[in-house]
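Heads up, the thing below is written out as C-alpha cells.
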Amino acid sequence: MTSSAAAVPRREFSISNEYNYNRASPMRWIVSHVMRHAGVLLLALGSAVVASFLYAWVSRLGGRAVDTISLGGEAPEALLRIVLTICVAVVVRTVFDLVSGWMKEVLGARLQRDVREELEISLLGKSQTFHNRQRTGDIMARSTDDVRQLGMMITPGIALIYDSVLFIIFPIAVIGTIHLQLLVVPLVYITVFLIALSRFNRKLSPVSGAMQMNFGRMNSTLNESITGIELVKSAAREAFELHKFLRTAAAHRRYFMEQGRIQATYWPMLYLGIALSLMFGHGLWLVTQDLITIGDLVAFMSLAYLLGFPTFISIFSFTLVQMGMAGAKRILDIINQDTELDENRSGYRGLLRGHVIFDRVTYSYDAVPTLKDVSFEVSPGECIAIVGQTGSGKSTLTKMVNRIFDCDSGAVVVDGVDVRDWNLESLRSQISMIEQDIFLYSRTLRENIGFGLGGDRLDDERIQQAARAAQAHEFIMGFQDGYDTVIGERGVTLSGGQRQRIAIARALLTNPRILIIDDSTSAVDSATEDEIQRAINNVMKDRTTFLITHRIAQIRKADKILVLTRGRVVDLGSHDELLARCDLYRRIFIRTETSANAMAGS
C-alpha cells in the first residue's frame, strides 16, 4: 500500500506490503497517517458537524420558546411542540456526539499504533553504525513519550480544535438568521481571538520543542545510570549520577514553568468577558429599538456563550498540538535518517559454502582509518585465527563478512559474490557470531537458544541437542524450571561461562556456514574454558570460522593465522611459520603464554 510519499531512505530491513507515508514534512507525515483511516476520519468529522449544528439549533429553539410564552393564547400547545423538538434534538445530538468521540479515540489509537510500527521497522532497518551513535534513552523517549504526545495531539488536541471551529461557524451562522447587526461584536471578537491565538502559538512552539528534546536527554541520563548500575555502585558514584540527573530534571522543570508562564498570559479569556458584555448591551439596544424580540436576545446570548468553548479549550488543545508537532519532528528525524547499507532485496540468494576473500579492503570509522589494504583468502571449512593488539581492527574485520560494515574500497567476496551484491537477509542468516559481549534477552533459556529460528519454530528436541553440543544442557537442567527458566536482562543471572555456552548453542541451532567467534573464553576459569573449548570444537566442525582470540591452544589449532597491527596485515601463515618469521607474532605468543602460565600457577 502506498500514499503520496517521499522517497524511503536506505535500510537493512523492510516488510512486504508496507504502507508508505509522506515524510516530506511533519505536517504532511501526520496527514498521511490520518488519511490512511479516511473512513474513520469522515465518520468522526461528519458526526461532529451534526452534533455542533444541533447545539446551535437548540439555542435558537430556546429563544422561540421564550417568545411563545410571551405571546399567550395557544402558547401551551406551541410550547409543547418546541419542548419535544428540543428533546429529540438533544437525544440525536448526544448520539452523534458519542459516535464522533468514539471515532476520534479510534483514530488516535490507530495513529499511535501505526507510528510505533513505522518507527520500529525504521529502527530495525538502521545500520549498526547508526545505533552506535544514538543514546538508547533518547530513542526510547521518542518511541514512547513522543508517540504518546502525537496521539494526544490528534485526540483530544486537533479533535477539540475541529470542534472549536464548528462552535464558531454554526453559532455565527444562526446569529445571522436572527439579525445581521448582531454579528458585529462576535466577528470583531473572533478576529481579535485568532490574532491572539497566533501569537500564543508562536511563543509556545519553541518551548514545546525544547521541552521534548530535554525529556529525551533526561531519559538517556536515567537509562545510562540504570544500565550501568554495577559500575556506578562499584565506583561509589551514586551522588554524581544523582546530580547529573537532577541537572536535566531541573532544565525540564524550567521549560515546564516557561510553558506555564506563556499559558498564564493567554488574553482571549479576558477578551471573551468583554465581548459578552458588549454583545449583551448591543442586544438590549436592539430590543429597545424593536429590531429583535426578548426571545431573540435569549437565543443570541445562548449562542454567544457557545463561543466560549473554543476560547476556553484552545489553550489546552493548542498546547497539545505544539507538543505533538515537536514529537512528530523528533520521530521523523529518526525515520528519515539514511543508513549506510541497503537490504538489496533483489540481491543474490544462495546456500553458502564459506569461501571468503578479502581483496584490498580499506575501511574508516568516523574518518579514522581502521583497516588498510587488507587482503587474504579463507577456503570453505577452514579456521582462520586473527591476532593482534587491542585496536588493531580484528572485530571490524570480521564484521565485514556479514556486512555489518561496508568497506570504503576493495571488496569482501563470499562464494565468488561481493557481499554488497548479496541479499542481506540471505547472507546474514547463514553467518553466526559469538561475540565477547554476549547479549541475552530477559526471556526463557529455550527462547534465547532458539532466537535465530524465530518464536514460531522452536523445536525442543533441536534446542536440547544444540545445548548438549554446547556443553550447556547439564547446567540448564540444574535450574528448577530447566529450559523454561527466565533469565535476567542481558543474562545477568547467569555466569560468564554459562552465557557463552548459551550463545554457542544459539549459533549451533542456526547451522551457520560461516562462524565468527570473538574472544569467547576471555573471562572464565580453566574448568569452564575446557567445557567451552569442547563446545567450540563442536560448532566449528565443517564450518568456515573466523576466530579472534589470545588463547594459544585455540590459535594453534587454526588452519591459518592472520596477524594485524593498526589495521594492516603483518603476516599470514601457520603457527610454526609465524613463530619462525614474524617478530610481532612471537611477541604476542610469548606475552600470552607467560600470562597463561601465571594464571595457571595462581
Side-chain angles (χ1 to χ4, degrees), residues 9-13 122-136 138-139 333-344 347-348 355-378 384-425 427-428 431-437 439 514 516-519 544 546-550 560-572 582 584-585 588:
R10 289 179 298 177
R11 51 191 176 170
E12 298 182 8
F13 168 78
S122 175
L123 290 172
L124 290 172
K126 302 298 185 187
S127 68
Q128 185 66 51
T129 303
F130 167 87
H131 286 288
N132 289 343
R133 293 169 179 161
Q134 304 303 313
R135 301 181 70 181
T136 304
D138 185 55
I139 293 292
D333 283 345
I334 290 291
I335 294 175
N336 279 342
Q337 283 193 42
D338 204 3
T339 189
E340 293 82 1
L341 307 179
D342 185 82
E343 61 183 327
N344 195 8
Y348 176 76
H355 185 204
V356 181
I357 298 174
F358 275 64
D359 183 16
R360 304 179 68 84
V361 169
T362 297
Y363 174 75
S364 298
Y365 185 82
D366 284 343
V368 177
T370 305
L371 297 176
K372 306 168 188 174
D373 202 28
V374 174
S375 296
F376 65 92
E377 181 176 353
V378 185
I384 180 169
I386 304 169
V387 299
Q389 297 172 332
T390 301
S392 59
K394 302 184 296 295
S395 296
T396 301
L397 183 147
T398 59
K399 289 178 179 178
M400 294 283 176
V401 179
N402 62 351
R403 210 181 162 213
I404 296 296
F405 301 136
D406 261 351
C407 56
D408 299 331
S409 62
V412 179
V413 180
V414 174
D415 291 351
V417 181
D418 192 315
V419 291
R420 290 166 291 197
D421 295 328
W422 274 83
N423 172 273
L424 197 59
E425 181 185 8
L427 176 70
R428 289 181 178 175
I431 301 174
S432 283
M433 295 188 71
I434 303 173
E435 299 188 85
Q436 186 173 6
D437 182 19
F439 184 88
I514 296 177
I516 300 169
I517 305 175
D518 191 348
D519 208 12
T544 302
F546 290 78
L547 183 63
I548 301 175
T549 184
H550 294 293
K560 296 176 181 178
I561 301 169
L562 183 73
V563 184
L564 281 179
T565 183
R566 297 180 180 178
R568 293 187 181 276
V569 175
V570 176
D571 209 338
L572 176 67
C582 182
L584 177 60
Y585 182 76
I588 294 173

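Here, residue 1 is the first one in the sequence, and each next residue gets the next number. Bear in mind the structure is a predicted one, so any value in this text is a computation, not a measurement.
- In this structure, the side chains of Asp418 and Val412 stay at 4.5 Å or more apart for every pair of heavy atoms.
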> Passes side-chain contact (heavy atoms from CB on, under 4.5 Å), Val569 versus Leu564? Steps please.
Replying inline: CA-CA 5 Å; Val569 175; Leu564 281 179; 3.9 Å; yes
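- Expressed to the nearest 0.5 Å, how far CG of Leu562 lies from CZ of Phe376 amounts to 5.5 Å.
- Take Glu425 and apply the side-chain hydrogen bond (donor to acceptor under 3.5 Å, both in side chains) test, not counting sequence neighbours, and it matches no residue.
- Under the side-chain hydrogen bond (donor to acceptor under 3.5 Å, both in side chains) criterion, Gln389 pairs with no residue, sequence neighbours left out.
- Remark: Arg566 pairs with no residue by the salt bridge (Lys or Arg N to Asp or Glu O under 4.0 Å) rule, at least two apart or across chains.
- Between Phe405 and Leu371 there is no side-chain heavy-atom pair separated by less than 4.5 Å.
- Under the rule for a side chain to side chain contact (heavy atoms under 4.5 Å, CB included), the partners of Asp342 that lie at least two apart in sequence or sit in another chain are Arg10, Asn344.
- Remark: Ser409 pairs with Thr362 by the side chain to side chain contact (heavy atoms under 4.5 Å, CB included) rule, at least two apart or across chains.
- For the atom pair CD1 (Ile334) and CD1 (Ile139), the distance works out to 3.5 Å, reported to the nearest 0.5 Å.
- Residues forming a salt bridge (Lys or Arg N to Asp or Glu O under 4.0 Å) with Lys372 (at least two apart in sequence, or on another chain): none.
- Side-chain atoms of Asp408 come within 3.5 Å of backbone N or O of Ser364 as a donor-acceptor pair.
- With rounding to the nearest 0.5 angstrom, the CD1 atom of Ile386 is 5.0 Å from the CG atom of Leu397.
- If you take CG on Leu124 and NE2 on His131, they are separated by 7.0 Å, rounding to the nearest 0.5 Å.
- Taking Arg360 as the reference, Asp373 meet the salt bridge (Lys or Arg N to Asp or Glu O under 4.0 Å) condition, with sequence neighbours excluded.
- Summarising the geometry of Ser122 relative to Ile335, their closest heavy-atom pair is OG-CA, 3.4 Å, with the distance given to 0.1 Å.
- Here the rule is side chain to side chain contact (heavy atoms under 4.5 Å, CB included) with His355, and of Val378, Val414, Thr544, Asp415 only Asp415 fits it.
- Applying the side-chain hydrogen bond (donor to acceptor under 3.5 Å, both in side chains) test to pairs two or more places apart or on separate chains, those with a residue in residues 394-405 are Ser395-Asp518, Arg403-Asp406.
- Remark: Tyr363 pairs with no residue by the side-chain hydrogen bond (donor to acceptor under 3.5 Å, both in side chains) rule, at least two apart or across chains.
- Distance check, rounded to the nearest 0.5 Å: OH of Tyr585 to CD1 of Ile561 gives 3.5 Å.
- The side chain to side chain contact (heavy atoms under 4.5 Å, CB included) search around Ser127 returns Glu12, Thr129, Phe130, Thr339, Glu340, not counting sequence neighbours.
- Every residue was checked against the side-chain hydrogen bond (donor to acceptor under 3.5 Å, both in side chains) condition with Asp421, not counting sequence neighbours, and none meets it.
- Ile384 places none of its side-chain heavy atoms less than 4.5 Å from the side chain of Val356.
- Residues passing the side chain to side chain contact (heavy atoms under 4.5 Å, CB included) test with Val401, sequence neighbours excluded: Phe358, Ile431, Ile514, Ile516, Phe546.
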